[in-house]
Amino acid sequence: MKKTGSQILLECLQMEGVDTVFGYPGGAVINIYHDLVDYPGLNHILTRHEQAAVHAADGYARATGKVGVAIATSGPGATNTVTGIATAYMDSIPMVIITGQVPTPLIGNDAFQEADMVGITRPITKHNYLVKDIRDLARIIKQAFYIARTGRPGPVLVDLPKDVQVASHTFSYPDKVELRGYKPTVSGNIRQVEKAAKMVLAARKPVIYVGGGATLSNCPEQLQQFAETIQAPVTTTLMGMSSFPSRHELSLGMLGMHGTYYANMAVTNSDLLIAIGARFDDRVTGKIATFAPHAKIIHVDIDPTSIKKNVRVDLPIVGDLKDVLQNLVRKLAEHADEVAEMTTATENWRRQILDWKTEHPLTYQPSETEIKPQFVIEKIRELSSDDAIITTEVGQHQMWTAQFFQFTQPRTFLSSGGLGTMGYGLPAALGAQAAFPERQVIDISGDGSFQMNSQELATLVQYGLPVKIVILNNNYLGMVRQWQQLFFDRRYSQTVLELPIDFVMLAEAYGATGLRADKPDQVEETIRQAFATPGPVIMEFKVAREENVLPMVPAGRSIHEMVLAS
Amino acid sequence: MRHTISVLVENEFGVLSRVSGLFSGRGFNIESLSVAPTLDPSVSRMTIVTTGDDQVLEQITKHLNKLIDTIKVIDFTGTDYVERELALIKVNAEESLRAEVLRIADIFRSKVVDVGPRSYTLEVTGAPGKINAILELLRPFGIKEIVRTGPVVLGRGEKGGKG
Ligand SMILES: Cc1ncc(C[n+]2csc(CCOP(=O)(O)OP(=O)(O)O)c2C)c(N)n1
Ligand SMILES: [Mg+2]
C-alpha cells in the first residue's frame, strides 16, 4: 500500500523505536502533524520554542542513551533549532532533527519561510540531508538514525520539503544501512592496547582523565574496574562528571579552569595521563605548553580527529572505549604480579594526592546570614534521591553544581559542556522527565539563564512533568561578573540584572508552584516542601550576590596556577 | 609543506561544500582543488593541493575521512605519482612577436587553441613547475589572462586507489 511522505517518516520513526518526539508545528510540517494523530505510539510534546524542542530531545538522549528526535517547520522554526543543534554537536549527542522545507521547485527562490538548513547546519551536524525524492526518504531516515548513534554520536538533520511529504510511495524500511564512506572503528588495535598495558605498569604517577565519551560509550563500569585494578586516581571533565562516582576514594573530581586543586596538581605532576573519551578542551588544559608536562599521554577515543588535535600523544588508541577498557583490563589481569608491584609502587603517589586533598579541599565560607549557593547545592544533594537527574544552565551555578553535587550514577548530570548554552537546562530537564516520569529531575539554574527558556514552564505544566527548578538568584550574570571582578577592574558592565523578577509569581502565572527562600535556615524546608509538591516547582534562593567560583585558573595560565581564595 | 591529496567521494550535491567548508571552518588552506566523476559515475575524485606541517596534514586527512560522503583519502606526498595540470594562457601576440611566442610554445609542446588579431591562446599541460616556467617566459610579451586547472595526480603503477 502506498503511503505519503509524512506517513513514511512517521513509520520510520516507529521502526526506530522512537516513543517521544519534541516539536513545534508550522506550514511546512503541517502534513506531518496531520498524520501524527494516527500514530498514538509517538508521544509528541509541544514545547513553546523550537530551540527548547531540540534541547528537550537532547536531554532525553543524554538521560536515556537513545536517539532524541525533534521536529520544526521551515524558515524561522528551523533556524530556531540552530543553537540546540550546535549544543548537541559540541557534546556529541545522538539526535535526529526533522525540519520542514519549502517545496522542491521553490528551493532557492527565497520562498516564504525558506532557509537553507543544510547549508546553515553543515558545520554543526554530524551529517545532514535534503530529501529531494520520496523514494530516498526511508533510506535517509534509516541512515540518519544509524549515523546519529554510531561511532562518535552526533546530531543529524533531515530537511524534508513539503512536496516530498505530500507525494506517495510504497513504504519499505531497509533492514541494512550501506554507507561505503562510513565505517566507524569499534575495536581498538590490540597491539596498541598491549603497549598501553606496558605503559600503565611502568607508571608511578598515573592519572585517568575522563571525558564525555565514557557516558556515550556506556562504560562507567569498565572505567571503574580499570581504575580500581591499577589504583589510579580519576579526574573527569564537566562532560565526564557522572561517569565515575564522586565519592569513590580514587575520585579527584573535575579538572581544569574550575577544577579541584588536587585534580590539577595530580595532572601537572603525573607521569602517565590516560585520556578516556576526552578532547583536551582549552577549559581543561589551560596553557597547553605546560599541561601535564611530565606525563606520557595515552589517548583512547572513537574519533581519530580528537587525537593529537591540540596535545602531543604518545600512544593513540582509536576505538570504542568500552571495548578498549575491557581488553586493557584483561591484558592487565594476565600480569597480576606486575600489577601488584605497580599498585604498591604507586602508594606514595596516592598518599601525595591525599595530602593535596587535605591541604586544599573543595570548600566555601559558610554563612549564617546569607544563603551560600554551594550550601543550596549540598542540601539538594542531601535531600534528593541518588538517581535524581540534574540539569544545569550555564554560569556559576553550573560550576558549583559540578563541584559540590557529588554525582554517583551515570547519566544523572546533563549540562551543556562544549557550547556552554544558557537556556539549556530547563528544556533538557523537560526531555529527561518525559523519558523518566517517575524519577526526580532537577534543573539547577541561574536567574539569567532561566529567562532564556522560561516559556517552557508552560510545557511542564501542560504535560504534568514535575521538574523541580532551583534558581540561584544573585541578580547577576554571575560568571561574567566574576571575570569582570577579577580581570576587568570590577566594572560590572551589563551584568547586573537590575529588574528583580518575582519568580514565585512567574511560576504561578504558568500554573506551577513557586517557593522562595532568603535566609539560610529556610533552605532545607523550601527544598523539602518543593520535593513534596506534585508538578513543576520553582525554588528561588536569594543567594550571596558576589560569591565566586573557586578554585579558578585564569584564562591562558597553567592549571596548577590556581586562584584558591578571593 | 605542500601536499597533494586525492579524495574519492560520493558524487552527490553538497559534497563539494562539505569538503571546502571543512577546510575553511578549521583554518586549513586550499591551494587548488579539482573535481570530476570517475569511471564509476557515483564516485567523484577530488584532487586537493594544500599546505601545512605534519600535524595539520594529519588533521586534514582525518577530517576528510570523517565526512560521511568520503570513500577514500590518499595523501600522495612521499609516494611515486604522476602529476599534471592544464593551463590556458592568452598572451599578447602583436605581428612582430608572433614568431617568438610560437617558438616558446613549441619548446613546451604547447598548442595554440585560439588566435585573435592581437593574441594567442595557448594550451599547456605538465607538472605545475613546467607551467610556471612557460609563464615566466611569456610574461615579457604581456599575458592578458590565464586559467589553471590545478594539478591532478595518479599513483604510478599499482599505487593509488580504484575508480
Ligand atoms: C546563550 C548564552 N549567552 C551568553 C553566554 C555567556 N555567559 C556565560 S555565563 C553567563 C551568566 C549566566 O548568568 P546566570 O544564569 O544568572 O548564572 P550565574 O553565573 O549568575 O550563576 C553568561 C552571560 C552563554 N554562555 N550563553
Ligand atoms: Mg545569576
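Side chains are part of it too, since the values below use all heavy atoms of this structure and drop only hydrogens, waters and symmetry mates. Lettering follows sequence order; numbering is per chain, from 1.
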Electrostatic pair [X]:[Y] at N-O distance under 4.0 angstrom:
X        : Y        : answer
B:Arg2   : B:Glu83  : yes
B:Glu58  : B:Lys62  : yes
A:Asp320 : A:Lys322 : no
B:Lys66  : A:Asp303 : yes
A:Glu16  : A:Arg149 : yes

Requested in this report: Please list, in residue-number order, every residue in residues 100-117 of chain B that has a heavy atom less than 4.5 Å from any heavy atom of chain A; write 'none' if there are none.
Outcome: none
Query raised in the report: Given the rule in the ring pair (Phe, Tyr, Trp, His ring centres under 6.0 Å) test, do A:Phe280 and A:His299 qualify, once you have shown the distances and angles that lead to the verdict?
Result: CA-CA 10 Å; A:Phe280 297 86; A:His299 191 173; 5.0 Å; yes
Find out whether [X] and [Y] are in side-chain contact, i.e. whether some heavy atom of one side chain is under 4.5 Å from a heavy atom of the other.
X        : Y        : result
A:Tyr129 : A:Leu160 : no
A:Phe145 : A:Val177 : no
B:Thr149 : B:Ser34  : no

Check whether the side chains of [X] and [Y] place a donor and an acceptor atom closer than 3.5 Å, and report yes or no.
X        : Y        : result
A:Thr237 : A:Arg283 : no
B:Arg148 : B:Asn132 : yes
B:Asn29  : B:Thr51  : yes
B:Asn92  : B:Arg98  : no
B:Ser6   : B:Thr47  : no
B:Asn11  : B:Ser42  : no
B:Thr77  : B:Asp75  : yes

Using non-hydrogen atoms and a limit below 4.5 Å, what part of [range] faces chain B?
range                       : result
residues 179-193 of chain A : A:Leu179, A:Arg180, A:Gly181, A:Tyr182
residues 135-144 of chain A : none
residues 90-109 of chain A  : none

Query raised in the report: Rounded to the nearest 0.5 Å, what separation is found between the NZ atom of B:Lys144 and the OG1 atom of B:Thr121?
Result: 9.5 Å
Proximity breakdown for [X] and chain A, heavy-atom pairs closer than 4.5 Å:
X       : answer
B:Ser24 : neither
B:Leu67 : backbone
B:Glu12 : neither
B:Thr70 : backbone

Query - With B:Ser44, the side-chain contact (heavy atoms from CB on, under 4.5 Å) member among B:Val9, B:Leu8, B:Asp69, B:Val7 - result: B:Val9
Report summary line: Tested for side-chain contact (heavy atoms from CB on, under 4.5 Å) against B:Ile5, the lone hit among B:Val153, B:Val73, B:Leu33, B:Val49 is B:Val73
Report task. Tell me, for A:Pro123 versus chain B, whether the close heavy atoms (under 4.5 Å) come from the side chain, the backbone, both or neither. Result -> neither
Report summary line: In terms of heavy-atom pairs under 4.5 Å with chain B, the winner among A:Arg152, A:Lys309, A:Lys126 is A:Lys309
